[in-house]
J.: 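Below are the structure tokens for one structure; questions will follow.
This one's a predicted model, so the numbers in the text were calculated from it and none came from an experiment. Letters go in sequence order (proteins before strands), and every chain restarts at 1.
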Amino acid sequence: MTRAGTRSVLIYRGDLITGAVTLVIQVVLAIAVWRIVYSGRGPVNGVDARTAVAYAAIAACLQSVLLPWQFSSLPMRIRNGQIATDLTRPLGLIWQVLGQNFGVLLGRLPLGAIGLAAAAVIGALMLPPGWGAFLLSLVATAGGVVVAMLCNLIVSMVTFWTFEVSGPLIVYRFGSAFLSGSLIPLWFMPGWLRSSVEWLPFQAQVYTPVSIYLGRTRGGEALALVAVQLAWVVVLALLLELVWRRARHKVVVQGG
Amino acid sequence: MAEQSWVRQYVILQRAALRAQLQYRVNFWTTLMGGVAFQGTQLLFLGVLLAKFGVIAGWGFPEVAFVFAMRLASHALYVVPFGALMLTDEIVRDGEFDRVLLRPVNPFLQLITRRFSLMSLGDALLGVGALIIFSRQAPVDWDAVKLAYLLLAVLGGGLIETGIATFFCGLTFVVTSTFSLRIFADSSITQFSGYPLTMFGRTTFYAFCTVFPMAFISFLPATVLLNRTSEVPLPTWLTLASPLAGPVVLALGYAFFSKMMPRYTSPGS
């Protein structure tokens with residue numbers, strides 16, 4: 001399933017190339033915006049221009065890998081009745097979908113890498129403050145990936161009840177683009193907004209890994225953020241299990 | 001006479017499409033919210049950014065929000081009647097377009113009435129709301145002429161987005177998948193057209209006036225209303241005429257679409 005997922009991304013090669021080119025343009029524009037916003041200004045909330053620019057670049061790339069538009073084939077499978085065949089496979093449905101999603105993610109990794117390379121070329125990237133921060137940010141990225149996949153799958157599950165899922169998926173997509181800190185880092189949010197965002201799983205997807213990588217969150221605080229990620233993985237996995245248990249009774253095979 | 005029947009056909013097909021979408025009631029509400037969330041997060045972003053930094057390239061929140069509102073209202077004028085153009089990729093890839101060609105109705109008309117995008121109603125809601133709120137807050141002394149210009153500008157902006165989308169549909173006949181391009185166009189317009197576009201430098205600005213004519217959507221007409229045309233590296237009369245770019249871009253897009261349509265090949269053959 002994973003391999004099929006990767007292939008489903010890689011097969012439209014033209015699309016992938018335009019995807020890469022357009023990501024580069026967007027990363028460059030995002031960098032320009034932050035540079036202009038900061039022009040002639042010292043650190044804001046203790047964050048200097050370089051850090052803010054690097055954050056914008058990395059977050060845009062991470063976001064494009066984590067939240068593709070066509071992520072899961074689950075809603076489509078439910079709608080056209082394919083789900084019946086999927087349910088008879090020896091591997092559980094959840095694992096099939098997660099495998100496929102993971103494949104899509106792998107297929108999109110080169111995109112993210114190209115975006116990062118472009119940011120590096122125009123001097124917008126920064127190295128992490130040390131090996132510790134770098135390694136921890138890798139762990140946090142993995143954590144972010146798992147949280148993103150679980151959230152996505154839970155939202156897709158809504159299809160079992162409503163058949164159409166484009167609405168919830170879009171609310172989720174844009175909600176999480178903002179709440180995960182990929183549009184604007186949590187540092188710049190007003191206090192009330194920031195404290196509410198910290199209670200949601202989204203910051204684990206983008207803000208946690210990037211702020212650890214840039215050394216904005218260090219030591220005990222960084223470890224705490226990773227621990228929060230883990231907690232979310234557990235909570236979301238339980239939630240998914242619960243939703244799936246109920247969904248199973250709701251399966252309607254269309255066209256069968 | 002022919003014109004009339006064209007409109008009638010549109011109304012009949014669009015009504016059927018809307019009915020089909022209204023079947024799923026939960027989806028109706030969540031999709032409506034999707035439209036609001038999509039654009040709302042962008043407004044929230046501008047709000048948070050400008051609350052922290054005050055101005056971007058000399059433009060404060062009232063100005064930026066006004067451009068944003070104009071853009072959103074234009075966007076609604078594109079997605080409500082023409083939003084279904086986004087599905088063209090799918091229709092061409094699945095060979096569904098064979099059926100479109102068999103019917104005695106203009107193919108373009110069939111494509112735009114393919115499915116009614118409920119999300120567009122969310123866009124319209126937010127767009128009209130934002131335009132009413134932010135045009136009052138913008139530093140503009142409104143009179144009848146300026147209001148008329150605003151309406152023309154919003155209409156023109158909608159036609160530009162429609163023209164770009166139509167162009168991509170033409171491209172679909174040749175390259176099958178234009179998904180990334182569409183998303184790029186859409187998200188670039190969403191993310192960046194609210195800023196004073198001259199801030200990206202002259203070359204990029206000219207690109208936004210030609211290759212990817214996003215500057216005409218709301219930025220150029222907004223500089224007229226906000227009395228900031230001196231910031232634009234274009235002759236003033238040209239900036240003033242920017243609402244006319246809409247029909248031009250749409251005509252070009254449609255010409256390209258018609259020219260590429262014969263190159264459609266059934267995927268099964």
Side-chain angles (χ1 to χ4, degrees), chain A residues 11-23 25-26 28-30 32-39 41 44-45 47 52 60 64 68-70 111 155 158-159 161-179 182-190 193-194, chain B residues 21 23-58 89 93 117-119 122 171 174-188 190-192 195-196 199-201 204 207 212:
Chain A
I11 198 153
Y12 293 108
R13 214 158 304 159
D15 222 19
L16 203 66
I17 293 168
T18 46
V21 172
T22 53
L23 177 64
I25 296 178
Q26 285 199 318
V28 170
L29 285 179
V33 168
W34 282 98
R35 282 189 174 154
I36 292 160
V37 164
Y38 257 101
S39 57
R41 214 187 285 260
V44 173
N45 283 21
V47 180
S64 89
W69 278 90
Q70 289 163 322
L111 266 187
V155 180
V158 175
T159 324
W161 284 270
T162 63
F163 283 113
E164 266 285 340
V165 78
S166 44
L169 270 181
I170 283 170
V171 175
Y172 163 71
R173 184 185 165 82
F174 289 97
S176 70
F178 186 80
L179 300 172
S182 74
L183 281 176
I184 195 160
L186 271 56
W187 316 315
F188 299 133
M189 291 184 181
L193 186 60
R194 179 167 184 171
Chain B
Q21 278 297 293
Q23 280 180 79
Y24 308 105
R25 216 153 316 146
V26 177
N27 192 55
F28 172 73
W29 291 107
T30 48
T31 321
L32 203 70
M33 277 175 51
V36 175
F38 182 1
Q39 310 293 347
T41 47
Q42 201 55 34
L43 185 61
L44 203 58
F45 166 70
L46 289 173
V48 171
L49 190 74
L50 283 157
K52 201 87 252 174
F53 290 86
V55 287
I56 306 175
D89 263 23
R93 202 185 318 153
S117 163
L118 290 175
M119 207 174 103
L171 206 59
V174 195
V175 299
T176 316
S177 182
T178 56
F179 193 77
S180 302
L181 270 177
R182 279 163 202 275
I183 293 299
F184 167 68
D186 210 50
S187 59
S188 298
T190 311
Q191 273 181 41
F192 299 110
Y195 297 112
M199 77 185 200
F200 292 107
T204 316
F212 185 63

J.: Hey, does B:V48 have a side-chain heavy atom less than 4.5 Å from the side chain of A:F178?
T.: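 Yes - at least one pair of side-chain heavy atoms lies under 4.5 Å apart.
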J.: Provide the closest heavy-atom pair for B:V55 versus A:R41 in the form atom of the first, atom of the second, distance.
T.: O-NH2, 4.0 Å
J.: Among A:V21, A:N45, A:L179, A:L193, single out the residue with the greatest number of heavy-atom pairs under 4.5 Å to chain B.
T.: A:N45
J.: Given a strict heavy-atom distance threshold of 4.5 Å, which part of B:A51 is in contact with chain A: side chain, backbone, both, or neither?
T.: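 Neither the backbone nor the side chain of B:A51 comes within 4.5 Å of chain A.
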J.: How many angstroms lie between CZ in B:F45 and CG in B:L50, if you round to the nearest 0.5 Å?
T.: 9.0 Å
J.: Which answer fits A:V44, side chain, backbone, both or neither, if we ask what part of it has an atom under 4.5 Å from a heavy atom of chain B?
T.: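 Contact with chain B is through the side chain of A:V44 alone.
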J.: Who wins among A:L23, A:I25, A:V33 for the most heavy-atom pairs under 4.5 Å with chain B?
T.: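 Top option by heavy-atom pairs under 4.5 Å: A:V33.
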J.: Do A:V28 and B:F200 pass the side chain to side chain contact (heavy atoms under 4.5 Å, CB included) test, and can you show the C-alpha distance, the side-chain angles, and the key distance before you say yes or no?
T.: CA-CA 10 Å; A:V28 170; B:F200 292 107; over 6 Å; no
J.: Quick one: what part of A:I36 sits under 4.5 Å from any heavy atom of chain B, side chain, backbone, both or neither?
T.: side chain
J.: Look at the aromatic rings of A:F188 and B:F53 and report parallel, tilted or perpendicular, splitting at 30° and 60°.
T.: perpendicular
